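Counting convention: from 1, in listed order, for ligands and their atoms alike. Because the structure is a prediction, the values reported are computed rather than measured.
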Amino acid sequence: MKIAVFASGRGSNFKAILKAVNEKKINAEIPLLITNNPDAGCIEYATENGIPVQIVRRKDFSLREEFVKSLLLFLAKAETDLIVLAGYMKKIPDEVLDKYHNRVINIHPALLPSFGGKGMYGSNVHKAVLNAGCKVTGVTVHFVVKEYDRGPIIAQQCVDVMQGDNPETLAARVLETEHQLYWRVIRKFSEGKIKVVNNKVFIEE
Ligand code: GRF
C-alpha cells in the first residue's frame, strides 16, 4: 500500500507512522509528503528519510483548478492508495475527496463529534475540553468528508483528564496516544479490514 501523508507542522504523527513503516509493522510505503508550509518540521525529517516532499500551496497558483490538478497529479504519480492527514492545516479540496472517497483519514485530538469543527485545532481543542470540565478526552481517527471533522469514525481512544492539567500537559498526553493509535488504524486499512457501511465503520479483527 502506498500512503501520501499531508502535514503542516512539526510532524510528530508523521514520524510515528514512518517509524511503524520502517519497522515493518505496516506493509506500506510512504512515497509522498505534501505540505503547504515550507517551514514545516516534517520536511527535514522526510528528507532525512528519503521521502519525496512536495510543497503545494494554493497561493502559488492563479487558478484554483490548477492547484487541485497539481495535488491530484502528485497523488497519482505516487500511486496513492491512502491519504493520511497528520496535522494538515488546510481543507482538502472536494475533488481530491471525491477521487479518494473513503481513502482519506485524519486524526483529531479529542473525542469527536465533541470538540471538533472549524477553529477546533491545536490548543483550542484542549482549552475547550478543560473549560467544559471534562474528565475524559481522547483521540479520534476518522474518514475525511467535506465538512470539518464529521466523517465516519474509525477508532477512538480515551485519555483521562487529570486534576491540574493545563492545555499543554493535556496535549502532550493526548499526543502520545495519537502516536499509538494512528499507525494501528493505518495497518488495519492496509489489511483491508476497515469497511464503511451506511457511513458507519466496521473493523475486522
Ligand atoms: C495533532 O494533535 C493531531 O491530532 C492534529 O494536529 C496535530 C499534529 O501534530 N490533527 P503533529 O504535527 O503530528 O506533531
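- Between Glu65 and Lys69 there is no salt bridge, since no side-chain nitrogen of the basic residue lies less than 4.0 Å from a carboxylate oxygen of the acidic one.
- If you check which protein heavy atom lies closest to atom 8 (C) of ligand 1, you get Gly87 CA, 3.6 Å.
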Test Tyr100 against Leu72 for side chain to side chain contact (heavy atoms under 4.5 Å, CB included), laying out the working first. CA-CA 10 Å; Tyr100 292 89; Leu72 286 170; 4.2 Å; yes

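- Looking from atom 9 (O) of ligand 1 to the surrounding protein, the closest heavy atom is Arg10 NH2, 3.3 Å.
- Taking distance alone, with nitrogen or oxygen atoms compared against 3.5 Å, Asn106 stays at or beyond that limit from ligand 1.
- For atom 2 (O) of ligand 1, the closest non-hydrogen atom of the protein is Glu178 OE2, 3.0 Å.
- Checking Gly41, Ser8, Gly11, Ala110 against atom 12 (O) of ligand 1, the nearest heavy atom belongs to Gly11.
- Counting only heavy atoms of the protein, atom 10 (N) of ligand 1 lies nearest to Ile107 O, 2.8 Å.
- For Arg64 and Glu95, the salt-bridge test passes: some basic side-chain N is under 4.0 Å from an acidic carboxylate O.
- Under the 4.0 Å criterion applied to side-chain N and carboxylate O atoms, Asp165 and Arg173 are assigned as salt-bridge partners.
- A cation-pi arrangement is not found for Lys118 relative to Tyr148, the charged atom failing to lie both closer than 6.0 Å to the ring centre and inside a 45° cone about the ring normal.
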